[in-house]
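Notes for the one structure printed next.
Atoms considered below: every heavy atom in the structure, side chains included; atoms not considered: hydrogens, waters and symmetry mates.
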Amino acid sequence: MNFSVRIIRATKITMEMPTDTTKSNFMKDHKPIKRRFKLITRTLILLILAPLLLVLNLLMLGIFESTYLVRRFLQFLGLVNIRSQHKMLEIKGADFSQNNPRRRVCVIGCGPSGLVAVKECIEKGLEVVAYDAYQDIGGVFSCAYEDGLLTSSNFFTAYSSFPCNVTDLPPRFWSFAEYTEYLRKFVAHFGLQDSLMLGYKVTKVTDIGDNKWKVEVTNCSTKEESSSIFDYIIVCSGSHQNPAIPRWAIDSTFRGKILHSSEYHSTKDLAGKRVLIVGMGESASDIAFNVSQVASNVCLIARSGPGVVIPRFHAGKPSDLDTTRIYHSLPRRLARLSLTWWRLKVWLESFYNITEDDELEQHLAKVNFSRYHWLFRYGTKSAKFVLSVTQKGGHYMETSIRNLDKSGAIMENGQRYDCDIIILCTGFKGGSPFLPPDLGSLNYRCDLWKKCIHPKYGKRVSFIGFCRPSVGSIPPISEMQARFVSLALADRIKLPSETEMKKTIEEERAYEEWLFPYDFKRVSSLCSYMETLTSWARMLNCDVQYLKLLVRDPFLLYCVVFGPIIPAQYRLFGEGTSNYNYYNYNNNNNYHHYYYYYYYYYYYYYYYY
């Protein structure tokens with residue numbers, strides 16, 4: 001947390017209470033006298049505690065950095081082994097000579113992961129063709145349900161190579177339609193249109209020997225079939241292709257309608273119906289709230305609960321604005337020993353609650369669901385299901401369905417719920433049926449190096465977008481993977497050996513089994529957001545270099561350490577930086593000055609809006 005900024009902000013609100021009714025809702029919320037007194041009290045406490053905590057956080061950061069430097073020195077002397085997943089790999093310069101033939105790359109999927117893979121490959125001089133069965137870019141976002149919102153705000157979701165700017169303030173959560181529009185702008189900006197084959201479904205990928213792949217596709221409109229030969233395959237179809245349907249939903253006598261969340265688009269046909277929603281996650285939470293507006297009754301059941309419920313907003317702003325590198329740099333094993341830091345963070349953040357936050361906490365207390373710490377389970381970044389229960393008369397149960405009869409569902413706890421429609425928010429099955437058998441049904445954690453590259457095939461086939469962070473956004477991770485894979489395909493970076501890859505897979509598998517004890521087996525793509533990004537960044541040598549920033553730009557260092565964790569931080573140093581140095585200071589400082597300007601806009605909004 002940025003305590004100094006928070007203090008200034010709270011003080012400004014306290015001392016400059018608005019009288020103009022046209023001020024923002026956030027300012028309006030602090031008008032009542034009782035609210036003023038509460039805010040003044042909280043501000044006084046923060047004025048006393050925040051400087052001490054700030055010094056303590058800086059001290060902790062110094063300890064971590066000192067430990068890092070000592071470890072690197074011992075590694076240099078050969079006294080300590082370098083962890084295989086954090087080895088920096090040598091990156092060669094680009095070679096666009098005629099003696100270096102262009103390799104053909106097939107990208108399967110034109111969603112967020114596929115588009116950034118196309119862009120990175122084109123930049124490395126590769127010939128790329130991308131196929132997608134949808135008629136529009138964006139993958140599942142192009143045809144998702146109405147009123148859906150992303151789980152991360154716009155500044156955190158945007159690619160580092162195509163970031164948000166001042167026109168995107170205030171920070172907010174894009175709707176699916178807005179995000180699709182952003183992707184269209186991304187495609188137009190980098191001129192990717194000619195590489196995209198929309199409306200073409202990949203039906204089969206065959207290894208024909210001589211390090212070549214045959215890709216067979218079908219035109220979804222004309223049903224015409226064709227094939228092409230490629231050197232490399234990048235699978236970006238995502239893990240939301242094959243709906244997971246419980247057995248009791250397949251073999252049942254239920255007279256109502258059963259549909260998967262991927263088939264749900266609007267509440268138009270649900271008015272006055274009794275609806276049972278099975279499963280939990282952001283989709284289930286959003287759908288439950290939307291359906292409860294029109295249905296006569298809604299029941300939501302989840303076998304193991306929602307995990308960690310993280311409201312999308314806090315203090316009237318996106319919750320992920322409070323994520324900082326200094327907090328998330330805490331080693332997980334140390335954080336597990338004591339949750340004091342987390343409790344302290346939650347307590348301090350409560351001082352900035354507005355009326356909506358206090359009311360939501362009251363609603364959360366009324367719903368009986370299992371509660372976990374975010375270090376142990378995945379996060380459900382939506383609390384709307386709670387409002388469907390407390391405000392709309394819905395029901396919530398943590399159980400599973402034993403079987404269905406003609407009228408409804410019979411639960412494992414002995415209860416029954418008669419309904420007209422069942423919506424399955426039960427997730428998706430992994431697998432890519434168009435790939436060869438040994439690649440078609442992979443466990444991303446146990447079979448792929450960094451959940452990206454198969455040790456047996458090496459760079460010939462890659463998987464991008466199959467890392468699902470417990471808290472965080474998928475596109476930034478996909479972009480880091482695309483940067484790495486494109487360098488490997490252009491022969492500018494050498495992959496670890498098959499033995500080293502398998503060793504890393506086993507190390508990360510054991511660590512993630514410890515990190516996610518409840519969801520390890522169920523979600524094979526689950527990962528830690530900060531640790532995953534840092535791992536890729538260190539291999540690409542594009543991680544934040546604190547000492548250089550301290551010398552070159554102390555304010556930027558302050559922003560990086562205490563400000564939100566946005567993807568642009570990985571364009572400050574290393575490969576892929578010079579292409580996005582939009583603000584050239586003519587001092588050969590090869591880092592991304594956009595980041596500086598982002599924080600200028602961010603703090604302008606933070607102070608004055």
Side-chain angles (χ1 to χ4, degrees), residues 109-113 132-154 157 172-184 237-246 249 256-302 306-307 309-313 318 378-389 391-392 394 396 419-429 465 468 473-475:
C110 293
S113 300
D132 199 303
Y134 292 104
Q135 297 291 337
D136 194 4
I137 63 172
V140 295
F141 292 105
S142 64
C143 58
Y145 56 89
E146 65 178 6
D147 299 326
L149 297 176
L150 299 186
T151 59
S152 56
S153 62
N154 52 351
T157 308
R172 63 187 186 278
F173 290 93
W174 277 327
S175 66
F176 294 154
E178 288 176 316
Y179 184 50
T180 303
E181 182 59 30
Y182 164 82
L183 294 176
R184 291 194 189 101
S237 54
S239 55
H240 297 119
Q241 299 298 319
N242 307 309
I245 308 297
K257 185 177 181 180
I258 301 176
L259 67 155
H260 191 265
S261 58
S262 59
E263 303 172 288
Y264 166 84
H265 298 291
S266 70
T267 61
K268 183 174 63 173
D269 299 326
L270 303 179
K273 304 291 185 180
R274 298 167 298 172
V275 182
L276 174 63
I277 300 174
V278 183
M280 181 50 74
E282 290 86 8
S283 296
S285 183
D286 291 345
I287 291 174
F289 180 78
N290 293 341
V291 170
S292 66
Q293 309 297 312
V294 299
S296 62
N297 192 265
V298 173
C299 179
L300 176 63
I301 66 171
V309 178
I310 304 175
R312 282 194 171 99
F313 295 92
Y378 70 91
T380 296
K381 280 79 73 177
S382 172
K384 286 187 174 181
F385 77 96
V386 173
L387 302 180
S388 71
V389 174
Q391 292 184 342
K392 300 299 180 179
Y396 172 82
C419 56
D420 305 304
I421 297 175
I422 299 176
I423 302 177
L424 303 175
C425 298
T426 48
F428 297 81
K429 297 182 294 184
R468 176 189 174 183
S473 181
I474 293 178

Closest heavy-atom pair and its distance - [X], [Y]:
X    : Y    : value
P306 : V309 : CG-CG2, 3.6 Å
T426 : A244 : OG1-O, 2.6 Å
V291 : V275 : CG1-CG2, 3.7 Å
Y179 : P112 : OH-CB, 3.4 Å
L183 : G138 : CD1-CA, 3.7 Å

Please report the interatomic distance [atom1]([X]) to [atom2]([Y]), rounded to the nearest 0.5 Å.
X    : Y    : atom1 : atom2 : result
K257 : L270 : NZ    : CG    : 8.0 Å
F141 : W174 : CZ    : CH2   : 11.5 Å
L424 : S262 : CG    : OG    : 9.5 Å
S382 : M280 : OG    : CE    : 9.0 Å

Can you check whether [X] reaches [Y] side chain to side chain, under 4.5 Å on heavy atoms?
X    : Y    : result
C143 : F176 : no
E178 : E181 : no
R312 : L149 : yes
L300 : V389 : no
V298 : I277 : yes
S261 : I287 : yes
I310 : T380 : no
D286 : D147 : no

If only atom types and distance count, is the side chain of [X] paired as donor or acceptor with the main-chain N or O of [Y] below 3.5 Å?
X    : Y    : answer
S153 : F173 : no
D132 : C110 : yes
E282 : K381 : yes
H260 : G427 : yes

Residues K392, L387; criterion side-chain contact (heavy atoms from CB on, under 4.5 Å); working and verdict: CA-CA 7 Å; K392 300 299 180 179; L387 302 180; over 6 Å; no
List the steps and the verdict of side-chain hydrogen bond (donor to acceptor under 3.5 Å, both in side chains) for S388 and S292. CA-CA 6 Å; S388 71; S292 66; 4.9 Å; no
Aromatic ring pairing Y264/Y145, orientation class (parallel under 30°, perpendicular over 60°, tilted between): tilted
Does the gap between the ring centers of Y396 and F385 come in under 6.0 Å?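 When the ring centroids of Y396 and F385 are compared, they turn out to be within the sub-6.0 Å range.
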Regarding R184 and D136, does a basic nitrogen lie under 4.0 Å from an acidic carboxylate oxygen? yes
Between T157 and Y182, does the side-chain contact (heavy atoms from CB on, under 4.5 Å) criterion hold? Intermediate values first, please. CA-CA 10 Å; T157 308; Y182 164 82; over 6 Å; no
R274 and I421: CA distance, side-chain angles, deciding distance, side-chain contact (heavy atoms from CB on, under 4.5 Å) verdict: CA-CA 7 Å; R274 298 167 298 172; I421 297 175; over 6 Å; no
Check the pair I423 / L276 against side-chain contact (heavy atoms from CB on, under 4.5 Å), numbers first and verdict last. CA-CA 6 Å; I423 302 177; L276 174 63; over 6 Å; no
